[in-house]
Amino acid sequence: MAKDSRQVDAITRRDTDFTQWYTDVCVKAELIGYTTVKGMFVLRPYGYAIWENIQKELDGRFKATGHENVSMPLFIPESLLQKEKDHIEGFAPECAWVTMGGNEKLEERLCVRPTSETLFCSHWADVVHSWRDLPKLYNQWCSVVRWEKTSRPFLRHREFLWQEGHTLHATPEEAIAETEQQLETYADLCENVLAMPVIRGCKTDKEKFAGAERTYTIECMMHDHTALQGGTSHYFGNGFPTAFDIAFSDKNNQLVHPYETSWGLSTRIIGGLIMTHGDDNGLVLPPRVAPIQTVVLPIAQHKEGVLDAARALADRLGAMGIRVKVDDSDQSAGWKFAQYEMKGVPLRVEIGPRDIEKNECVAARRDTGEKTVISLDTLEDSIRALMDDIHNNMYAMAKKNMEDNTFEAETVEEVKKIVDGKGGFVKTKWCGSTECENAMKERAGVTSRCVPFVQDGKTGVCPICGKQSVKTVIWGVAY
RNA sequence: CCGGGAUUAGCGCAGUUGGUAGCGCGGGUGGUUUGGGACCAUCAGGCCGGGCGUUCGAGUCGCCCAUCUCGGACCA
């Protein structure tokens with residue numbers, strides 16, 4: 001156990017108070033900084049580096065599937081925002097408005113973009129005329145502003161970084177295929193980079209995006225069994241294109257409206273990453289997204305040859321593409337151990353005089369704490385295998401948490417009992433009505449997370465109205 | 001937006017009946033150390049969250065505001 005070490009004590013234990021633990025990790029791992037404006041956060045270098053890695057992974061996938069990056073304006077004139085009725089109703093309560101330009105009052109107030117559907121549509125109305133102009137496969141990396149009442153690091157910022165993809169297609173089939181493809185890209189990021197298992201599904205009508213015909217989602221389970229939406233992908237039909245008067249001449253020389261999609265993933269996923277994998281010693285990062293994948297710590301570094309050996313070791317790891325850091329600061333070894341555990345570095349490699357003598361080093365993995373002795377002769381192979389093993393183990397542990405805390409229920413009472421107990425996902429049959437969905441929230445305190453793609457096809461009863469239903473829905477408590 | 005708690009040095013806190021501020025850690029420097037949060041010496045660091053009031057005098061009392069935090073409501 002830790003002795004009189006205040007840094008360890010300063011972190012609330014995860015199982016004592018999960019939300020407080022979460023805040024502590026964000027601050028102590030140097031991911032986030034507070035500012036003088038409520039809900040506005042600094043992403044510190046270490047936190048931003050995680051986002052950069054997510055960006056890099058996603059951007060490559062977007063481009064590989066034909067998407068192009070663009071940059072849209074920060075401001076949306078009120079009249080433009082109002083063109084689509086459901087959209088403005090959904091977003092109006094959380095818009096920030098600019099009303100002055102210098103000392104002059106503006107003729108029309110400007111909304112700081114909460115999302116950019118209206119801007120993309122307005123632009124497309126100008127440039128899309130022929131079927132030859134389609135599809136448009138656009139994405140932008142930017143920040144958006146939503147004037148939230150309560151804020152929390154990563155999970156709910158008033159300004160947050162994200163990417164928003166917006167695409168326009170000639171046919172509904174093509175647009176739906178795009179929507180599903182992008183959801184799968186998010187699922188791939190979560191599972192293969194972030195080591196977060198997800199459930200793919202559709203949002204109910206009640207939970208879908210303002211103005212969307214259909215919203216797809218990936219749902220993740222946090223360590224405390226609450227749900228977090230990892231990313232969403234929307235199919236709009238031609239509602240927005242009609243409202244914004246986007247029309248093109250098709251191959252039959254008919255003037256028709258195209259079909260639209262949008263999809264987004266934000267820095268909120270970093271909050272999900274923390275809450276999925278973190279432990280009592282702080283952050284635990286999966287190797288593929290970790291800013292530092294391996295930290296090399298020279299032991300007794302003042303002794304002849306130790307620093308050189310550490311640097312040579314790091315050079316070898318760097319040469320094989322590992323993001324590596326040598327910490328040759330004059331902190332004690334114990335301090336460094338704790339520090340890099342707090343920051344979630346997946347692997348720590350120690351090298352000291354005894355190792356040098358035996359042509360070895362010691363590798364300590366963050367996910368299990370396990371230490372192994374590695375021969376320097378097989379360094380590259382061993383580290384590569386460890387990285388993959390850490391990823392796989394982290395994924396497996398998260399998946400086990402999700403599976404162990406996913407239940408089936410037939411009555412509202414059962415749902416409530418599960419949720420009031422240790423929480424988790426609860427599967428029930430559902431008739432599909434918003435009335436029953438609202439009733440479930442009122443009586444059991446849960447919201448629908450999604451209607452999963454994978455259905456058992458069996459028939460049961462809707463726990464609210466008792467109707468025979470084949471559709472399975474997943475309920476949970478969301479962040 | 002509603003309710004609870006908080007705001008004094010970088011961090012964590014103390015500060016009595018109102019009399020212009022202290023401790024620990026951290027930081028700098030010099031030295032000894034280094035395989036799980038080292039040690040000695042020394043130095044620096046504060047408009048007591050902001051405003052208004054009461055008072056000869058406010059960290060301390062009153063009112064207002066801001067921010068953080070934990071619940072709840074809301075959340076495309």
Side-chain angles (χ1 to χ4, degrees), chain A residues 1-12 16-24 26-28 30 32-41 81 84-95 113-118 144 146-153 155-156 158 164 203 205-212 215 217 229 232 234 236 262 264 266 268 281-282 297-303 306-307 310 327-342 348-358 360-364 369 371 373 441-442 445 447 477-479:
Chain A
M1 283 303 287
K3 303 171 291 189
D4 55 339
S5 49
R6 61 266 151 212
Q7 274 134 325
V8 167
D9 294 339
I11 304 186
T12 307
T16 303
D17 183 346
F18 191 76
T19 46
Q20 188 65 62
W21 165 86
Y22 172 78
T23 306
D24 289 351
C26 288
V27 173
K28 297 291 280 188
E30 300 177 343
I32 218 87
Y34 290 91
T35 69
T36 49
V37 180
K38 178 185 168 66
M40 301 285 187
F41 294 89
L81 198 66
E84 214 285 343
K85 195 175 118 294
D86 290 341
H87 192 64
I88 180 71
E89 273 177 20
F91 280 106
E94 49 188 7
C95 284
R113 64 181 169 211
T115 180
S116 305
E117 276 75 9
T118 54
V144 289
R146 298 178 188 182
W147 214 253
E148 304 285 357
K149 289 171 186 169
T150 56
S151 54
R152 306 194 55 201
L155 300 171
R156 184 162 285 130
R158 282 183 168 173
E164 48 178 328
K203 285 290 184 189
D205 285 350
K206 175 176 156 65
E207 298 286 330
K208 74 185 186 187
F209 183 85
T215 291
T217 179
Q229 179 180 297
T232 48
H234 316 288
F236 286 105
S262 81
S266 75
R268 171 184 272 194
N281 291 328
L297 299 186
I299 303 296
Q301 65 187 30
H302 61 288
K303 290 197 177 146
V306 172
L307 264 180
D327 187 343
D328 58 0
S329 68
D330 62 357
Q331 298 286 2
S332 71
W335 186 91
K336 291 178 189 174
F337 293 170
Q339 178 69 6
Y340 291 101
E341 279 165 11
M342 173 68 71
R348 173 179 84 232
V349 172
E350 303 165 22
I351 184 159
R354 296 207 299 265
D355 305 302
I356 295 168
E357 207 170 289
K358 290 189 277 185
E360 305 173 335
C361 60
V362 175
K371 281 191 182 188
V373 175
K441 179 167 188 200
E442 213 162 283
T447 53
V477 175
Y479 259 97

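None of the values given here were measured: they were computed from a predicted structure. Chain letters run A, B, ... following the sequence lines, proteins first and then strands; every chain starts at 1.
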Pairwise [atom1] distance for [N] and [M], with rounding to whole Å:
{"N": "B/C52", "M": "B/U60", "atom1": "P", "value": "14 Å"}
{"N": "B/U67", "M": "B/G50", "atom1": "P", "value": "15 Å"}
{"N": "B/G4", "M": "B/A41", "atom1": "P", "value": "48 Å"}
{"N": "B/U8", "M": "B/C2", "atom1": "P", "value": "25 Å"}
{"N": "B/G27", "M": "B/C65", "atom1": "C1'", "value": "34 Å"}
{"N": "B/A9", "M": "B/G49", "atom1": "C1'", "value": "14 Å"}
{"N": "B/U7", "M": "B/G12", "atom1": "P", "value": "11 Å"}
{"N": "B/G19", "M": "B/G26", "atom1": "C1'", "value": "32 Å"}

Give [X] one of three labels, base, sugar-phosphate or nothing, depending on what nucleic acid heavy atoms sit under 4.0 Å from its own.
{"X": "A/Lys208", "answer": "sugar-phosphate"}
{"X": "A/Pro93", "answer": "nothing"}
{"X": "A/Gly39", "answer": "sugar-phosphate"}
{"X": "A/Asp355", "answer": "base"}
{"X": "A/Val362", "answer": "base"}

statement: By nearest-nucleotide position on RNA chain B, the 5'-leaning member of A/Thr23 and A/Ala478 is A/Thr23
RNA chain B: 5'-proximal contact among A/Thr232 and A/Arg158 (nearest heavy atom): A/Arg158
Would you say a side-chain N or O of [X] is under 4.0 Å from OP1 or OP2 of [N]?
{"X": "A/Thr19", "N": "B/G71", "result": "yes"}
{"X": "A/Lys38", "N": "B/C68", "result": "yes"}
{"X": "A/Thr150", "N": "B/C1", "result": "no"}
{"X": "A/Tyr34", "N": "B/U69", "result": "yes"}
{"X": "A/Ser332", "N": "B/A38", "result": "yes"}
{"X": "A/Lys441", "N": "B/C74", "result": "yes"}
{"X": "A/Arg152", "N": "B/C70", "result": "yes"}
{"X": "A/Gln331", "N": "B/G27", "result": "yes"}

Any strand: nucleotide that pairs with [N] via Watson-Crick or wobble, under 3.5 Å:
{"N": "B/G3", "result": "B/C70"}
{"N": "B/G59", "result": "none"}
{"N": "B/U20", "result": "none"}
{"N": "B/A38", "result": "B/U32"}

For [X] and [N], what is the distance between atoms [atom1] and [atom2] respectively, to the nearest whole Å?
{"X": "A/Asp330", "N": "B/G30", "atom1": "CG", "atom2": "P", "result": "10 Å"}
{"X": "A/Glu30", "N": "B/G10", "atom1": "CD", "atom2": "P", "result": "16 Å"}
{"X": "A/Met342", "N": "B/C11", "atom1": "CE", "atom2": "P", "result": "16 Å"}
{"X": "A/Trp147", "N": "B/C1", "atom1": "CH2", "atom2": "P", "result": "12 Å"}
{"X": "A/Arg156", "N": "B/U69", "atom1": "CZ", "atom2": "P", "result": "13 Å"}
{"X": "A/Glu442", "N": "B/A73", "atom1": "CD", "atom2": "C1'", "result": "13 Å"}
{"X": "A/Lys28", "N": "B/G26", "atom1": "NZ", "atom2": "P", "result": "12 Å"}

Considering only side-chain heavy atoms of [X], which listed nucleotide, [options], is closest?
{"X": "A/Pro153", "options": "B/U69, B/G37, B/U34", "value": "B/U69"}
{"X": "A/Glu350", "options": "B/C70, B/U34, B/G35", "value": "B/G35"}
{"X": "A/Lys149", "options": "B/C68, B/A73, B/G36", "value": "B/A73"}
{"X": "A/Glu94", "options": "B/C1, B/C75, B/G36", "value": "B/C75"}

message: Which residue is it: A/Glu207, A/His234, A/Gln229? I am looking for the one with a side-chain hydrogen bond (donor to acceptor under 3.5 Å, both in side chains) to A/Thr215.
response: A/His234
query: Can A/His302 be said to stack with the base of B/U33, given centres closer than 5.5 angstrom and planes under 30 degrees apart?
result: no
field: Min side-chain heavy-atom separation A/Phe337-A/Leu297 under 4.5 Å
entry: yes
message: Any side-chain to backbone donor/acceptor pair from A/Lys336 onto A/Asp327? Under 3.5 Å, distance only.
response: yes
Are any of the side-chain nitrogens in [X] or [Y] under 4.0 Å away from the carboxylate oxygens of its partner?
{"X": "A/Arg354", "Y": "A/Glu360", "value": "no"}
{"X": "A/Arg156", "Y": "A/Glu148", "value": "yes"}
{"X": "A/Glu350", "Y": "A/Lys371", "value": "yes"}

Qualifying residue, where the test is side chain to side chain contact (heavy atoms under 4.5 Å, CB included) with A/Phe209 and the options are A/Thr232, A/Asp86, A/Thr115, A/Thr217: A/Thr115
message: Syn if the chi torsion is within 90° of 0, anti otherwise; quick check, which is B/U34?
response: anti
- prompt: Hey, is B/C47 sitting syn or anti, using the within-90° cutoff around 0?
  reply: syn
query: Strictly under 6.0 Å, is that where the ring centroids of A/Tyr479 and A/Tyr22 end up?
result: no
- request: Kindly determine whether A/Gln331 and A/Ser329 satisfy side chain to side chain donor-acceptor pair (under 3.5 Å), including the steps that lead there.
  value: CA-CA 6 Å; A/Gln331 298 286 2; A/Ser329 68; 5.5 Å; no
